[in-house]
*Asks:* 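What follows is a structure written as structure tokens; I'll ask about it next.
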Amino acid sequence: MTVRNPFDTSAKRIVREQWNTPLLRRLHQDHGFRFRYMGLPGVDLLDINAWRDMIEEVVAFEVRASQTKDDPDGRRNIVELRRNLNLLEIPGRAFFGPMEEVIILRQDYDGQPYNPKEVITLYNLDFCDEISSRIDTREGKKVWRFEAIRQILTDQKIAYQDRGGPGVFVLLLTVRDQIDSRKLRNFLSEGLYDDTKAYLEICGGAESLPESGFVLGNFTWALKAFIHNTLRQYFANPHISAAFFPLVQYRGTPIRHARGSIQSPMLHSMVICCFEDSENPYPSYMPGDFLSCVSSIAVKDENSLVWCPQPGEPTSHVGEPSLSTIIEELGFLLPNVPPR
């Protein structure tokens, strides 16, 4: 299988190999997890190949390719993705169309129904642009990413109630570190938890968010606060508890910008989620003061992970970040997961 994924970079591989894989391997080896994967692996299935021995099923999505004379419907990528998935001999389905659109409209461009039945144990929501981007759909350009995440969590809870299965799943979320500052200010103007407000007040005192213009690769603390606060709100209704790992910053593929071509600044979140006991009144989140007590991480020189604290985050970490050390130091637990 020829690797030619335009979004795969050495920095992205560091995140996959040094950050995601150790957690998945720990769940696999210590708790016997085999993952039902759902995400955007690309035609080369790089994630699937990296985690092949731990994956039992794949639910993949592929958007329409650029149209050409030989491929007027832009089907070449979905055809190749399905072919490569068959070659790996891993059970799965590949949907044609933007993931957000297929999830919301419940059907892909081939008329294939999207009707999830089983609990997904590994979501890899690897978006190449900002979290609030408009996407091209059959109904025009839509901001459907937020609704798609809400729908995913709703589907997940229904599947768990109807079919049972593992009470724990992993959520990987990747977005560009970019957003219009006015939009971000609006997002952060209401619906915030008290700890989010406190974190924003500390960070804003050190580095004020601009009134206008695009935030691109700077003011990461503001996007971190928004993403964390939003996920906690979305988890509350399906009654899902979660353990949040440090946010990881890395540089992706080049994008055009007013200053010329730059490497796309990306943010990667990793969360362990579990279905909370229905008798408990509220879900729990670990660490309780995640925003202010857990420093962010960055890929350095595209070959290693280093601590990269934002304003309002601790600066006392020593050495390179290690997943096992973070689990021990920050007290990450795996509730409802019996030892193997």
Side-chain angles (χ1 to χ4, degrees), residues 13-41 45-60 84-94 116-126 152-174 231 235 238-246 248 268-280 283-287 321-340:
R13 289 191 289 273
I14 291 294
V15 175
R16 180 191 300 119
E17 296 166 6
Q18 297 187 21
W19 192 240
N20 301 146
T21 299
L23 176 66
L24 300 181
R25 188 65 60 187
R26 180 163 180 164
L27 288 169
H28 176 66
Q29 294 177 344
D30 293 354
H31 303 284
F33 264 53
R34 284 183 59 78
F35 296 98
R36 180 173 289 112
Y37 171 105
M38 176 171 156
L40 303 143
L45 303 176
L46 298 178
D47 294 334
I48 308 304
N49 276 288
W51 305 326
R52 180 178 178 180
D53 66 305
M54 299 185 283
I55 292 178
E56 65 178 0
E57 186 178 353
V58 172
V59 180
N84 290 339
L85 194 57
N86 287 333
L87 289 174
L88 284 180
E89 298 182 344
I90 296 177
R93 293 164 292 161
K117 298 292 186 181
E118 306 291 341
V119 169
I120 300 295
T121 45
L122 174 56
Y123 288 104
N124 191 7
L125 309 182
D126 192 354
I152 280 172
L153 296 173
T154 298
D155 291 340
Q156 185 81 324
K157 183 60 180 288
I158 293 172
Y160 183 67
Q161 291 174 328
D162 290 348
R163 300 289 184 96
V168 172
F169 61 97
V170 176
L171 173 66
L172 307 177
L173 173 65
T174 305
L231 288 178
F235 289 154
H239 205 45
I240 293 172
S241 291
F244 291 85
F245 287 80
V248 181
H268 179 78
S269 298
M270 183 167 69
V271 190
I272 295 181
C273 309
C274 77
F275 299 106
E276 186 56 82
D277 188 330
S278 61
E279 295 185 0
N280 292 338
S284 60
Y285 303 106
M286 300 179 290
S322 159
L323 187 82
S324 59
T325 301
I326 289 170
I327 289 175
E328 300 301 328
E329 288 184 353
L330 300 180
F332 285 110
L333 304 174
L334 300 179
N336 299 336
V337 181
R340 191 172 182 179

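All values below were derived from every heavy atom in this structure, side-chain atoms included, with hydrogens, water molecules and symmetry-related copies excluded.
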*Asks:* If you define the side chain from C-beta out and look only at heavy atoms, does anything of Arg163 sit under 4.5 Å from Val119?
*Replies:* no

*Asks:* Would you call Leu125 and Leu171 a side-chain contact if the rule is heavy atoms closer than 4.5 Å?
*Replies:*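 Yes. Closest side-chain heavy atoms under 4.5 Å.
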
*Asks:* Which atom pair, heavy atoms only, marks the closest approach of Met270 to Leu23?
*Replies:* SD-CD2, 3.6 Å

*Asks:* Counting C-beta onward and ignoring hydrogens, is there a side-chain heavy-atom pair between Phe275 and Ile240 closer than 4.5 Å?
*Replies:* yes

*Asks:* Could you pull out all residues at least two apart from Glu17 that satisfy salt bridge (Lys or Arg N to Asp or Glu O under 4.0 Å)?
*Replies:* none

*Asks:* Evaluate Arg26 against Leu323 for side chain to side chain contact (heavy atoms under 4.5 Å, CB included), listing each step before the verdict.
*Replies:* CA-CA 10 Å; Arg26 180 163 180 164; Leu323 187 82; 5.7 Å; no

*Asks:* What is the minimum heavy-atom distance between His268 and Val15, and which atoms define it?
*Replies:* CD2-CG1, 3.6 Å

*Asks:* Would you name the heavy atoms of Gln156 and Ile120 that are closest together and state the gap between them?
*Replies:*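 Heavy-atom minimum between the residues: NE2-O, 2.6 Å.
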
*Asks:* Just to verify, what does Tyr285 make a side chain to side chain contact (heavy atoms under 4.5 Å, CB included) with, not counting sequence neighbours?
*Replies:*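 With neighbours one apart ignored, the set is Arg232, Phe235, Ala236, Ala242, Phe244, Pro283.
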
*Asks:* According to the interplanar angle, ranging from 0 to 90°, do the rings of His31 and Phe33 count as parallel (below 30°), tilted (30 to 60°) or perpendicular (above 60°)?
*Replies:* perpendicular

*Asks:* For Tyr37 and Gly39, work out which heavy atoms get closest and say how close.
*Replies:*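 Looking at all heavy atoms of both residues, the shortest contact is CE2-N, 3.6 Å.
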
*Asks:* Give the ring-plane orientation class for Tyr123 versus Phe169, where under 30° counts as parallel, over 60° as perpendicular and anything between as tilted.
*Replies:*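 Perpendicular, since the angle between the ring planes exceeds 60°.
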
*Asks:* I'd like to know if the side chain of His239 reaches the main chain of Asn280, judged simply by a donor and an acceptor atom lying under 3.5 Å from each other, with no hydrogens or angles considered.
*Replies:* yes

*Asks:* Within the structure provided, determine whether Met286 and Ile272 are in side-chain contact (heavy-atom separation under 4.5 Å).
*Replies:* no

*Asks:* List the atom of Gly92, the atom of Leu85, and the distance in Å for their closest heavy-atom pair.
*Replies:* C-CD2, 4.2 Å

*Asks:* Compare every heavy atom of Leu46 with every heavy atom of Arg16, then report the nearest pair and how far apart it is.
*Replies:*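 That closest heavy-atom pairing would be NH2-CB, 3.8 Å.
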
*Asks:* Counting C-beta onward and ignoring hydrogens, is there a side-chain heavy-atom pair between Pro246 and Trp19 closer than 4.5 Å?
*Replies:* yes

*Asks:* Can you find a pair of side-chain heavy atoms, one from Lys117 and one from Asp162, that are under 4.5 Å apart?
*Replies:*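 No, their side chains stay 4.5 Å or more apart.
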
*Asks:* With sequence neighbours excluded, what pairs up with Thr121 under the side-chain hydrogen bond (donor to acceptor under 3.5 Å, both in side chains) test?
*Replies:* none

*Asks:* Distance-only, no hydrogens or angles: does the Thr174 side chain make a donor-acceptor pair with backbone N or O of Asp126 under 3.5 Å?
*Replies:*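 No.
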
*Asks:* Mark yes or no for whether Arg52, through its side chain, and Leu88, through its backbone, hold a donor-acceptor pair below 3.5 Å.
*Replies:* yes

*Asks:* About how many Å separate CG of Leu122 and CD1 of Ile48, when rounded to the nearest 0.5 Å?
*Replies:*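 If we round to the nearest 0.5 Å, Ile48:CD1 and Leu122:CG are 8.0 Å apart.
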
*Asks:* Applying the side chain to side chain donor-acceptor pair (under 3.5 Å) test to Asp47, which of Thr21, Asn124, Asn20 qualifies?
*Replies:* Asn124

*Asks:* Name the residue from Met54, His28, Glu57 that meets the side-chain contact (heavy atoms from CB on, under 4.5 Å) definition with Arg34.
*Replies:* His28

*Asks:* Output the distance between atom CG (Asp30) and atom CZ (Arg25), rounded to the nearest 0.5 Å.
*Replies:* 11.5 Å

